[in-house]
Novice: 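Below is one structure. I have some questions about it.
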Amino acid sequence: MTALNQYQRLEATGRWRETVAAKARDVIVSFGDATLVLSDPGSDLPLAHWSLPAVMRLNPGEQPARYAPGADDGEMVEIEDDLMISAIEKVHHVIESNRPRRTRVRHWVLLLALLGAAVAGLFWLPSALLRHAVDIAPPAQRAEIGQMVLAEIEKTTGSGCSRPSGDMVRRRLAQRLIGPEADIVVLPGTLEAARRLPGPVTVIGQNTIAGPDSPEIAAGHVLAAQAATLDADPLLEALRFAGTRATFELLTKGSLQPAALAGYGEYLLSRPAARPDDEILLGYFARAEISSEPYARALDPTGEAVLGLIEADPFRTQTPKPVLSVREWQALREICDQ
């Protein structure tokens, strides 16, 4: 559409109200791909996408112009910018003037096309929406959702353990094993394995640092959780649980409602942890300069089920780098002590 192309860079300020009872807020109004996009002026995150053909002016000839995305919608935006108002009216006029006259044949063709699209969308759209949300999620958004997941897990396990000396060690260990912004949370009680959450957080159970376990074993569980995310992105799993509607709201409004993840912590812990491919996991051990044999022996003392991790241990013939000092390991082991 030529009329739309010439306004693609046009922007104006407006006052948007999401519902009849909602308080009006400032927004930036701009043209999208056959849509009117309402964005937050502070973060540039889109708040709403309105289909241009469906946009209705509620007060023709009056100022400021008031528009709604449909006839029965409580959502509304007020615009005072004359150029933006003129552009919307012109594009709307072009859309209407170029709308083809419906004949009986065209009517049935359109109906069948819509039916086919609906059937295809039923199977394709939810998955595509999830993948798109995961692909474009910035680190801050992943971290925010990760904290929501952690809060749900803590409803089942109790709050993460914390002591000043232990907190210092777990953060240092996370930075070495995962990255500079990473964190490890020790949960009270028993967890079958470490779990990587959306964002840079990995949770382990108190059992992983108690008893006869060594820091090499605890580190192995954390590395295994990282390796498992190559095949199963934790954000994708969380959004799949939240559902298509919640994912769509995340894409359009930039945030996920905590209620969308209600019960996800219990659900996540009830499922067995994914077992990463041995070759991939060994790469993580090599980069961290940690022997894989202690972790493998903890999984299977006989070594039969984890023979690959033992035989291909990158530090089988050389000395690995210590994971923690004796004093640091003791501080971490006492993190849940009251």
Side-chain angles (χ1 to χ4, degrees), residues 143 146-147 150 153-154 157-197 199-230 234 273 275-276 278-301 303 306 308-338:
Q147 290 302 312
L150 177 60
I153 291 175
E154 290 178 332
T157 64
S159 299
C161 300
S162 179
R163 292 188 73 182
S165 58
D167 290 340
M168 186 180 302
V169 175
R170 66 179 174 82
R171 293 192 187 102
R172 186 180 303 145
L173 183 62
Q175 290 169 7
R176 177 186 168 186
L177 299 179
I178 309 170
E181 301 299 325
D183 196 8
I184 294 173
V185 175
V186 181
L187 298 172
T190 300
L191 252 65
E192 171 235 341
R195 304 298 178 101
R196 173 71 184 266
L197 308 185
V201 177
T202 301
V203 295
I204 61 175
Q206 185 182 7
N207 58 301
T208 305
I209 58 173
D213 287 351
S214 66
E216 288 76 18
I217 296 174
H221 282 292
V222 173
L223 292 175
Q226 312 316 306
T229 62
L230 294 180
R275 170 78 183 273
D278 283 356
E279 185 175 352
I280 294 175
L281 180 54
L282 286 166
Y284 277 79
F285 276 103
R287 285 189 291 273
E289 301 182 70
I290 297 173
S291 171
S292 60
E293 184 170 353
Y295 167 73
R297 295 291 185 188
L299 293 181
D300 178 21
V306 289
L309 290 176
I310 295 174
E311 290 186 339
D313 182 356
F315 292 92
R316 194 174 185 182
T317 59
Q318 54 182 312
T319 304
K321 184 178 179 180
V323 176
L324 295 172
S325 68
V326 174
R327 185 174 181 179
E328 288 173 330
W329 177 234
Q330 186 60 33
L332 185 60
R333 287 164 59 88
E334 295 173 352
I335 194 171
C336 292
D337 294 346
Q338 297 297 325

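Starting from 1, each residue takes its place in the sequence as its number.
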Novice: Give me the atom names and distance for the closest heavy-atom approach of W329 to S214.
Specialist: CZ2-C, 3.5 Å

Novice: Quick check: closest heavy atoms across S292 and P314, and the distance to 0.1 Å?
Specialist: OG-CD, 4.0 Å

Novice: Kindly assign one of parallel, tilted or perpendicular to the pair F285 and Y295, based on the angle between their ring planes and the thresholds 30° and 60°.
Specialist: tilted

Novice: Roughly how far, to the nearest 0.5 Å, is the CD atom of Q206 from the CG atom of L332?
Specialist: 10.5 Å

Novice: For residues P234 and L197, determine if any side-chain heavy atom of one lies less than 4.5 Å from a side-chain heavy atom of the other.
Specialist: no

Novice: Looking at E279, I'd like to know if its CD atom is crowded, meaning that more than 12 non-hydrogen atoms belonging to other residues, nucleotides or ligands lie closer than 6.0 Å.
Specialist: no

Novice: Taking the side chain as every heavy atom from C-beta outward, state whether V203 and L150 have any pair of such atoms under 4.5 Å apart.
Specialist: yes

Novice: Which heavy atom of A296 sits nearest a heavy atom of V306, and at what distance?
Specialist: O-CG2, 3.3 Å

Novice: When rounded to the nearest 0.5 angstrom, what is the spacing between CZ in R170 and CZ in R163?
Specialist: 13.0 Å

Novice: Do I335 and D167 make a side-chain contact, defined as non-hydrogen atoms from C-beta onward lying under 4.5 Å apart?
Specialist: yes

Novice: When rounded to the nearest 0.5 angstrom, what is the spacing between CG in L177 and CZ in R287?
Specialist: 12.0 Å

Novice: Working to the nearest 0.5 angstrom, can you tell me the gap between L173 CG and M168 CE?
Specialist: 14.0 Å

Novice: Measuring from atom CZ of R333 to atom CD of E328, what distance do you get when rounded to the nearest 0.5 angstrom?
Specialist: 14.5 Å

Novice: Heavy-atom distance under 4.5 Å between the side chains of R176 and I290, does that happen here?
Specialist: yes

Novice: Counting N and O atoms only, with roles assigned by atom type, does the side chain of Q147 sit under 3.5 Å from a partner on the main chain of A143, one being a donor and the other an acceptor?
Specialist: no

Novice: Got I204 and L191 here, is their nearest side-chain heavy-atom distance under 4.5 Å?
Specialist: no

Novice: So which atom in L223 and which in A288 form the shortest heavy-atom distance, rounded to 0.1 Å?
Specialist: CD1-CB, 4.2 Å

Novice: Over all heavy atoms of both residues, which pair between A225 and T202 is shortest? Give the atoms and the distance, please.
Specialist: CB-CG2, 4.2 Å

Novice: Could you tell me whether the side chain of I153 reaches within less than 4.5 Å of the side chain of R195, counting heavy atoms only?
Specialist: no

Novice: Within the structure provided, determine whether V186 and C336 are in side-chain contact (heavy-atom separation under 4.5 Å).
Specialist: yes

Novice: Which heavy atom of P276 sits nearest a heavy atom of A227, and at what distance?
Specialist: CB-CB, 3.6 Å

Novice: Is there a side-chain contact between R297 and E216 in this structure, where contact means two heavy atoms from C-beta onward sitting under 4.5 Å apart?
Specialist: no

Novice: Give me the one residue out of L187, T190, V185 that meets side-chain contact (heavy atoms from CB on, under 4.5 Å) with T157.
Specialist: L187

Novice: Please check if atom CD in E334 has more than 12 non-hydrogen atoms from other residues, nucleotides or ligands closer than 6.0 Å.
Specialist: yes

Novice: Measuring from atom CD1 of I178 to atom CG of D183, what distance do you get when rounded to the nearest 0.5 angstrom?
Specialist: 8.0 Å

